[in-house]
Protein chains: 2
Amino acid sequence: MTVTSHDVARLARVSQATVSRALRGDPRVTETTRMRVREAAATLGYVRSELGRGLSTRATHRIALVAELENTLYHQLMAPIHDELLERGYRMALLAEHGDEAIHERLLDRSVDGAILMTTRLDATLPYELARRSLPFVFLNRIGGPVEAPSVTADNVGGSRAAGELLIGLGHTRIGAIVGPADTSTSRDREAGFRDALEDAGLVLPSKRVFRREYDHETGRLGFAALMAADDAPSAIFCANDFIAIGFLNRALELGITVPDDVAVIGFDDIDMAAWPAFELTTVRNPLLAMARRAAGTLIDLIESTGAAERDVFPTQLVLRRTHGAPSESTA
Amino acid sequence: MTVTSHDVARLARVSQATVSRALRGDPRVTETTRMRVREAAATLGYVRSELGRGLSTRATHRIALVAELENTLYHQLMAPIHDELLERGYRMALLAEHGDEAIHERLLDRSVDGAILMTTRLDATLPYELARRSLPFVFLNRIGGPVEAPSVTADNVGGSRAAGELLIGLGHTRIGAIVGPADTSTSRDREAGFRDALEDAGLVLPSKRVFRREYDHETGRLGFAALMAADDAPSAIFCANDFIAIGFLNRALELGITVPDDVAVIGFDDIDMAAWPAFELTTVRNPLLAMARRAAGTLIDLIESTGAAERDVFPTQLVLRRTHGAPSESTA
DNA sequence: ACACTATCAGCATACGTATGCACACAATGC
DNA sequence: GCATTGTGTGCATACGTATGCTGATAGTGT
């Protein structure tokens with residue numbers, strides 16, 4: 001049914017070994033026989049089996065992308081990763097994580113040469129498991145615990161510190177924050193950087209002005225409800241990512257609260273939507289696309305053992321748009 | 001280095017064949033030996049090789065998802081497809097299409113059991129190639145040419161007809177449209193349905209009131225520029241998907257044009273964003289998530305040869321929000 | 001006690017490709 | 001003309017799992 005290299009060999013009147021070598025461009029086969037083999041392969045429509053090849057070479061040229069697909073931030077990283085992998089001769093398998101569900105087996109069954117972990121939690125056991133079984137992997141955007149592995153992240157501490165300094169410089173004193181899950185490195189670092197900035201200015205971030213949930217739109221809406229009802233509601237809110245910020249903006253819009261006059265908002269990531277006229281969100285640019293390509297490249301270097309485990313930190317940059325702004329007189 | 005079934009066999013003092021049977025739950029192996037094998041496997045941390053298994057059984061239990069990743073609409077379909085596949089014991093490979101780039105080989109190298117085609121163009125040759133080589137596949141959302149293959153789509157003609165009827169019922173007579181690429185079945189069908197509605201009302205859709213480009217945000221912005229500058233600019237615009245509509249809304253917002261008073265807008269798909277307070281987009285619901293799961297299920301039925309090639313059409317539904325509305329007196 | 005059946009495990013091999021090794025042949029040097 | 005070197009191809013086998021067939025053992029009935 002399916003055409004194998006044996007079929008090609010028979011038609012070209014050579015051995016299967018020669019077919020393999022000819023099609024792979026081995027210099028030890030003559031140009032004339034190579035042509036004959038190529039022709040036979042074309043005639044039969046031969047496509048080399050990745051299964052046979054993988055079994056023989058012990059390499060699949062496929063890497064796994066592991067993410068919680070519920071978090072749509074990571075969707076946009078698939079294209080750059082896919083392209084980088086393709087350029088280097090690799091393909092992509094997609095593995096969705098759902099909380100604690102075990103995906104160990106699907107990574108360790110030799111169906112992939114390595115993995116990019118995008119949504120790892122700090123207490124995750126998966127990275128240790130992979131390290132123990134020596135499956136190459138890199139962390140992208142988030143880091144999971146103190147495992148020896150390359151990582152590609154943004155300067156989350158510096159970025160959120162800059163966000164905090166911006167709000168303080170504008171004169172805000174009652175400042176709140178809506179953050180993501182505590183067991184993620186991004187939340188930990190972004191919160192730390194933001195607190196640093198406040199502390200330097202002699203301010204504190206009381207727990208009543210912190211709302212913590214997921215990195216999503218809904219969290220922004222819920223955070224609004226939780227933080228803005230108080231009499232001494234914040235005059236400025238730092239959102240740990242842009243989805244949260246946009247959820248907050250949407251809720252404000254719905255209630256007729258004006259941004260930035262009634263409350264200033266600053267996000268993190270600078271996703272495409274942040275620049276839309278409907279939002280004009282002031283935010284911290286997280287160079288995710290470049291990071292994604294880098295992570296893919298680093299992983300392949302690691303697989304082909306030309307790379308070492310290092311922490312790759314990309315600089316962030318404050319992007320000033322509309323939603324920051326000095327607090328109005330009435331709320332200052 | 002890696003643990004194989006032979007290693008397990010040696011430790012459990014049985015043959016490799018028995019290990020295979022024991023772990024697969026073959027009733028021909030005794031409960032006691034099965035236990036012994038299980039224990040040995042656990043001790044060694046054995047994980048069955050998908051490569052060996054695939055080569056032997058001629059099935060990979062992996063399906064390919066083929067899409068133009070530039071189109072972010074399809075990103076949200078990955079999670080439901082992934083989950084449906086997982087429930088039925090399949091995994092997912094992601095293959096990005098870039099225009100005409102040939103992905104034939106990566107589908108035909110026996111690394112996948114089937115494919116879901118999401119962004120096929122009407123003139124694409126890939127479906128014919130797959131059919132010729134008898135690789136099972138299904139179309140999702142879009143259809144590509146008259147190939148014998150199952151498809152899962154929305155009732156695009158009916159949905160856009162309803163959109164047209166809504167605008168006409170509101171009294172609009174100068175109506176425009178911003179549509180996607182002509183070589184997609186969705187554009188063809190949505191345009192046809194919309195034209196049907198106008199024709200029934202004795203109206204026409206002149207080419208000067210149609211702007212055609214991609215299914216994205218930028219197209220909405222460009223469409224605004226192209227259609228709204230005229231003296232007799234449309235009082236209502238049908239956008240062939242929500243990204244286009246939201247791009248249009250953003251541009252209107254930027255220019256201070258009021259929706260729906262100055263111009264009514266209606267989209268297609270009902271993506272999450274459409275419901276956001278910033279947009280409140282009136283649109284046609286395209287039950288994409290349910291369709292995605294269905295497509296995955298249909299494909300697996302086909303692979304396991306319990307299914308037939310049929311066209312599965314999901315009903316659409318008009319979702320009335322804010323952006324439709326009667327034309328104001330001044331523009332009517 | 002014998003023949004017969006049922007049950008369980010092992011042997012051998014297939015799946016498709018890659019590759020170390022051996023071998024055949026031609027070309028070269030003396 | 002013989003030994004030597006180099007070049008191109010084939011043979012055999014490995015990779016890890018699944019499975020048809022054979023064989024061994026225990027259990028049953030007469």
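The model shown is predicted, which means the values in this text are computed figures rather than measured ones. Numbered from 1 within each chain, the chains take letters A, B, ... in sequence-line order.
Nucleic acid contact class of S20(B) (heavy atoms, under 4.0 Å, all strands): base. V14(A) comes within 4.0 angstrom of sugar-phosphate atoms only, judged by non-hydrogen atoms across all strands, and of no base.
Of the residues listed (R294(A), R293(A), R91(A)), the one engaging E84(A) in a salt bridge (charged side-chain N to carboxylate O under 4.0 Å, His left out) is R293(A), and it is the only one. Partner of D183(A) under the salt bridge (charged side-chain N to carboxylate O under 4.0 Å, His left out) criterion, chosen from R188(A), R142(A), R121(A): R121(A).
Taking 4.5 Å as the limit, some side-chain heavy atom of P127(B) sits within range of a side-chain heavy atom of F139(B). In this structure, H104(A) and T125(A) have side chains that are in contact, with non-hydrogen atoms separated by less than 4.5 Å.
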For T186(B) and Y215(B): C-alpha separation, side-chain torsions, deciding distance, then whether side-chain contact (heavy atoms from CB on, under 4.5 Å) applies. CA-CA 10 Å; T186(B) 45; Y215(B) 271 129; 2.9 Å; yes
For M92(A) and L86(A): C-alpha separation, side-chain torsions, deciding distance, then whether side-chain contact (heavy atoms from CB on, under 4.5 Å) applies. CA-CA 8 Å; M92(A) 191 168 134; L86(A) 194 63; over 6 Å; no
Worked check of side-chain contact (heavy atoms from CB on, under 4.5 Å) between R110(A) and E50(B): CA-CA 7 Å; R110(A) 296 289 151 189; E50(B) 275 304 304; over 6 Å; no
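An OP1 or OP2 oxygen of dT9(D) is reached within less than 4.0 angstrom by a side-chain nitrogen or oxygen of T30(A).
For DNA chain C, the contact window with chain A, defined by any atom under 4.0 Å from a protein heavy atom, covers dG16(C) to dC21(C) in 5' to 3' order.
Remark: T33(B), L55(B) in residues 33-55 of chain B come within less than 4.0 Å of DNA chain C through at least one heavy atom.
Contact check on R38(A) versus E31(A) returns no salt bridge, with no Lys/Arg side-chain nitrogen under 4.0 Å from an Asp/Glu carboxylate oxygen.
Note: CG (D26(A)) to C1' (dG8(D)) measures 10 Å, nearest angstrom.
No hydrogens or angles considered: a donor-acceptor pair under 3.5 Å links the side chains of T60(A) and D113(A).
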Dump the pairs, protein N or O against N or O of nucleotides 20-22 of chain D, anything under 3.5 Å, distances to one decimal.
from: dG20(D); atom 1: O6; to: R21(B); atom 2: NH1; distance (Å): 3.4
from: dG20(D); atom 1: O6; to: R21(B); atom 2: NH2; distance (Å): 3.4
from: dC21(D); atom 1: N4; to: R28(B); atom 2: NH2; distance (Å): 3.4

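Relative orientation of the H61(A) and Y90(A) rings is tilted, given thresholds of 30° and 60° on the angle between their planes.
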